[in-house]
2 protein chains.
Amino acid sequence: MRKEASRTTGRPTLAEVARLAGVSQITASRALRDVPTVDPVLVSKVREASKALGYVPNPAARTLASARSQSVVVLVPALSNQLFIETLEAIHSVLRPRGYDVLIGNFHYSRHEEEELIRNYLAIQPCGILLTGFDRTDASLRMLEANRIPCVHMMELTKAEDVFSVGFSQESAGAMVARHLLARGKRRLAYVAAQLDARVVRRGEGFRRALAEAGVNALGLAVPDPSSVGLGGELFDRLLRQHPDVDGIFFCNDDLAHGAIFEAQRQGISVPGRIAFVGFNDLPMSAHIVPRLTSVRTPREDVGRHAAHLMLALLAGAEVRDRTIDLGFELVVRESS
Amino acid sequence: MRKEASRTTGRPTLAEVARLAGVSQITASRALRDVPTVDPVLVSKVREASKALGYVPNPAARTLASARSQSVVVLVPALSNQLFIETLEAIHSVLRPRGYDVLIGNFHYSRHEEEELIRNYLAIQPCGILLTGFDRTDASLRMLEANRIPCVHMMELTKAEDVFSVGFSQESAGAMVARHLLARGKRRLAYVAAQLDARVVRRGEGFRRALAEAGVNALGLAVPDPSSVGLGGELFDRLLRQHPDVDGIFFCNDDLAHGAIFEAQRQGISVPGRIAFVGFNDLPMSAHIVPRLTSVRTPREDVGRHAAHLMLALLAGAEVRDRTIDLGFELVVRESS
DNA sequence: GTGAAAGCGCTAACAA
DNA sequence: TTGTTAGCGCTTTCAC
């Protein structure tokens, strides 16, 4: 059943391609790698020979000889979240067609698990690495520093020197929602949050600050519990008891908003007639699941695409001027299909 | 910024470990790979030397020398589906700690995209491959056949010779739901389906057949459109108009059921009082999103875990008696948290 | 049970 | 612009 141990793969090698093309092995190598200093005539000869033999480069040999693989590692905090899934898809769609392998690591929101992944993945000599956010252990930072491979940070932004990041500002998202609700004439506004990670907190700060600038005091209800649809209903109910006159709510994510919609429907409360809801689609549910909700949409595909292209530029050794790419947010109203 | 081209990685090599341990390189190699014919005393010497130097094997060199990598490829039809995400997680959790790299390929439910992935991934000489289902192109089959690497099929079952599969029977899932509803005294039963892929259809067949055996005729409503929450509401509404006396519905997946719950609530219809719903959690939404729904739960983690362990057995060259692992289904009632 | 030699397939380094 | 040489770090092969 198993293929017995052997030395060769049986596949055509670069040497055979070179022989067929009538050039030296290194010229064939250069031709196939698009090294610019090769005579175009020879390039096409090599290309033909390669095609004729059905040559496929051996990545292991390439990695061994060059001390650098064609693998790009991507580390995300979760796979249960559509945001990251779609980001990964976008990265794949940019990198795979260009011959890179994409290795996915899920660190389950744990800095130490991330450190372990970095340690393990550096063993395969990746040519680049894509990270989520900036919160990592010192050991992680040191390993990345020591390996000197191109590194792109996703989802968050920094102005630090020599750091490449593609993301968006949580504060502006919060502020955007505040302005949206104010513009609709709402004045008793609340932020309902669960699962208080740094991003959720910063979103709330942006919300509160923008309201404060308009002279409006933000109500709030924040619990550390993991977010869920059920919790959304509960929190909505609690908020209503505390502040029966609330007329606008920003939910830190869509599943809370979803539970609240459910609960509002049960209680016969008109949304957005009496209370306007705004969600934030940064959690497990994909956008189309919550019907008719105004929500902040994170530009998920864009993050992946931009991050991957930035990585390509770095791998090509290009001079990158914009080390920071701020993608911003959109406020969208989704209609159930 | 980029690490300039170089030959060496700078990391300690097996030769250095061997020198420090006072053995030959090949003995060090064997010791670290747990080849049984090595003196235990030498093994521990090598282990120590390895630890002292912080030795990490170079996978590229290993792959080149042995013509076989430590990578296991997993091909899934989608990442937007929690079922596959959780399966992948389980596979990772089994294979990574044992030193295997897991390469994920998403073929977007396209046989041709799958073929392309197989072609590309075989280039890296994976040591094994995990596939979803049995529907693939002839070219794919030929490539897999020609490469003779261990191959495990997930999600579906077969009795074919020399084929390893881990999954469950769609027909029995349908039959199970039929029996469940009958046992609750329901007699006007319907199957509501969208996105009619082979699995959805077979589920319906199992449902209908089990009902027929009990002398009950199944109602039905099936559309080819992609499944969504909104569509669930619509189909439910349509079904009610056609068959106002329906008292039990099997939705081919949870998001249809979810939309129907929404719609039932709007219309003031008691569920499960007047109509019992059964869902099937095989689609984008994760289980906890739909509150209070009786649903067929696919044993997602189990599929991954069992498939990965089967792969380990094959990689170890073990004799595998049970080529087919049927995991069955559970019928669970989820309460909103 | 252990080792010496050879070589996997490719690219870096240097030379022409 | 092209080629020669050497070697990446490991495992297979075969001899002891």
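Each chain gets a letter, A, B and so on, in the order its sequence line appears, and its residues count up from 1.
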Go through the structure and list residues passing side chain to side chain contact (heavy atoms under 4.5 Å, CB included) with A:Leu122, not counting sequence neighbours.
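Only A:Ile118, A:Pro126, A:Met143, A:Asn147, A:Ile149 meet the side chain to side chain contact (heavy atoms under 4.5 Å, CB included) criterion with A:Leu122.
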Set of side chain to side chain contact (heavy atoms under 4.5 Å, CB included) partners for A:Cys127, sequence neighbours left out:
A:Arg68, A:Val72, A:Tyr100, A:Leu315
Tell me the closest heavy-atom pair linking B:Ala313 and B:Val320, and the distance in Å.
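Heavy-atom minimum between the residues: CB-CG2, 4.0 Å.
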Restricting to non-hydrogen atoms, name the atom on B:Leu157 and the atom on B:Val166 that form the minimum distance, rounded to 0.1 Å.
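Taking every non-hydrogen atom into account, CD2-C, 4.1 Å.
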For a 4.0 angstrom threshold against heavy atoms of chain B, report the outermost contacting nucleotides of DNA chain C in 5' to 3' order.
C:dG1 to C:dA13
Would you mind listing every ring pair (Phe, Tyr, Trp, His ring centres under 6.0 Å) that reaches into residues 114-140 of chain A, with sequence neighbours excluded?
A:Phe134-A:His153
By ring-ring contact (aromatic ring centres under 6.0 Å, His included) - contacts of A:Tyr55 (at least two apart)
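Checked A:Tyr55 against ring-ring contact (aromatic ring centres under 6.0 Å, His included); zero matches.
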Using a 4.0 Å heavy-atom cut-off to protein, can you give one letter per nucleotide of nucleotides 6-16 of chain D, 5' to 3': B if the base is in contact, S if only the sugar-phosphate is, - if neither?
BBBBBBB----
Interatomic spacing from NE2 in A:His309 to CG in A:Leu95 - rounded to 0.5 Å:
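Answer for the NE2-CG pair, A:His309 versus A:Leu95, is 9.0 Å.
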